[in-house]
Enquirer: 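One structure coming up, written as structure tokens, with questions to follow.
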Amino acid sequence: MPNKNKKISTRQMTMIALMTAVTSILGPLAIPLPFSPVPVSFTNLAVYFSIFVLGANSATVSYLVYLLIGIVGLPVFSGFTGGFAKMAGPTGGYLVGFIFMAWIAGFFVDRFQGKRVLQASGMILGTVVAYIFGTAWLCVQSNLTFGAGLAAGVIPYIPGDLIKIMAALAVGPVLRQAVRRAA
Ligand SMILES: O=C(O)CCCC[C@@H]1SC[C@@H]2NC(=O)N[C@@H]21
């Protein structure tokens, strides 16, 4: 007799690996900006999608696997880079902050299914936490004042990140339903 729990867990592991692969494809495709060491990134978009496909806990695990893959040297970080040195670079704080973003945003998405405003609020909150990690480290690493940190690490990215959140809110629930229906 097949063990249903084990089957679900194997399936979930496959889905986690799939979303790690999606993050590893989108992560390197960053757009550099001439005035900042922080590129426009699609890693957060991949995390937003992971949250809808996997739920908070598995999305966090999927992102952690991506982070480990990058730390050991595979070129999955922005600009096809990898290695532990990236964590000490200007964008290392965002890479850490995304762990918390995945869980916080995922918690709201899971908890408030069908309530887009609350889901959006949670995604914005998680993103703010990622920005706090990212900007704090950017200021330390690049010896920037708080104002310069905001100019180089936050303000230029807000419109794009809001568009990513809206895109994930539009497509994510459809993905979640499709994944659940296929289960
Ligand atoms: O180097 C990396 O792989 C991570 C890049 C992080 C870029 C940050 S994420 C938040 C903000 N939004 C963006 O589009 N870029 C920055």
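Hydrogens, waters and symmetry mates play no part in the numbers below; they use all other heavy atoms, side chains included. Predicted model, so just to flag it, every value in this text is computed and none were measured. Just follow the structure's listing: the first ligand is 1, and inside any ligand the first atom is 1.
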Enquirer: What are the two closest heavy atoms between Thr91 and Pro39, and how far apart are they?
Expert: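 Looks like CG2-CD, 3.8 Å.
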Enquirer: Would you tell me whether Thr43 and Tyr94 have side-chain atoms, one donor and one acceptor, within less than 3.5 Å of each other?
Expert: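 Note: Thr43 and Tyr94 side chains miss the donor-acceptor criterion.
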Enquirer: List ligand 1's nitrogen or oxygen atoms that come under 3.5 Å of a protein nitrogen or oxygen, with the partner atom and distance.
Expert:
unit_1: ligand 1; atom_1: 1 (O); unit_2: Ser78; atom_2: OG; d: 2.5
unit_1: ligand 1; atom_1: 1 (O); unit_2: Thr91; atom_2: OG1; d: 2.7
unit_1: ligand 1; atom_1: 3 (O); unit_2: Ser78; atom_2: N; d: 2.9
unit_1: ligand 1; atom_1: 3 (O); unit_2: Ser78; atom_2: OG; d: 3.3
unit_1: ligand 1; atom_1: 12 (N); unit_2: Asp161; atom_2: OD1; d: 3.2
unit_1: ligand 1; atom_1: 12 (N); unit_2: Asp161; atom_2: OD2; d: 3.0
unit_1: ligand 1; atom_1: 14 (O); unit_2: Ser41; atom_2: N; d: 2.8
unit_1: ligand 1; atom_1: 14 (O); unit_2: Lys164; atom_2: NZ; d: 2.9
unit_1: ligand 1; atom_1: 15 (N); unit_2: Pro39; atom_2: O; d: 2.8

Enquirer: Got a donor-acceptor contact below 3.5 angstrom from the Thr23 side chain to the Met19 backbone?
Expert: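 Checking the backbone N and O of Met19 against the side chain of Thr23, a donor-acceptor pair under 3.5 Å is found.
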Enquirer: When the ring planes of Tyr63 and Phe98 are compared, do they come out parallel, tilted or perpendicular, using 30° and 60° as the limits?
Expert: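 Judged by the thresholds at 30° and 60°, the geometry between Tyr63 and Phe98 is perpendicular.
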Enquirer: Following the transitive rule for hydrophobic clusters with a side-chain heavy-atom cut-off under 4.5 Å over Ile, Leu, Val, Met, Phe, Trp and Tyr, establish whether Val72 and Ile16 coincide in one cluster.
Expert: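 Val72 and Ile16: one cluster.
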Enquirer: Determine the sole option in Ile69, Leu64, Leu68 for which the side-chain contact (heavy atoms from CB on, under 4.5 Å) test with Thr20 is passed.
Expert: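 With Thr20 as partner, Ile69, Leu64, Leu68 yield a single side-chain contact (heavy atoms from CB on, under 4.5 Å), made by Ile69.
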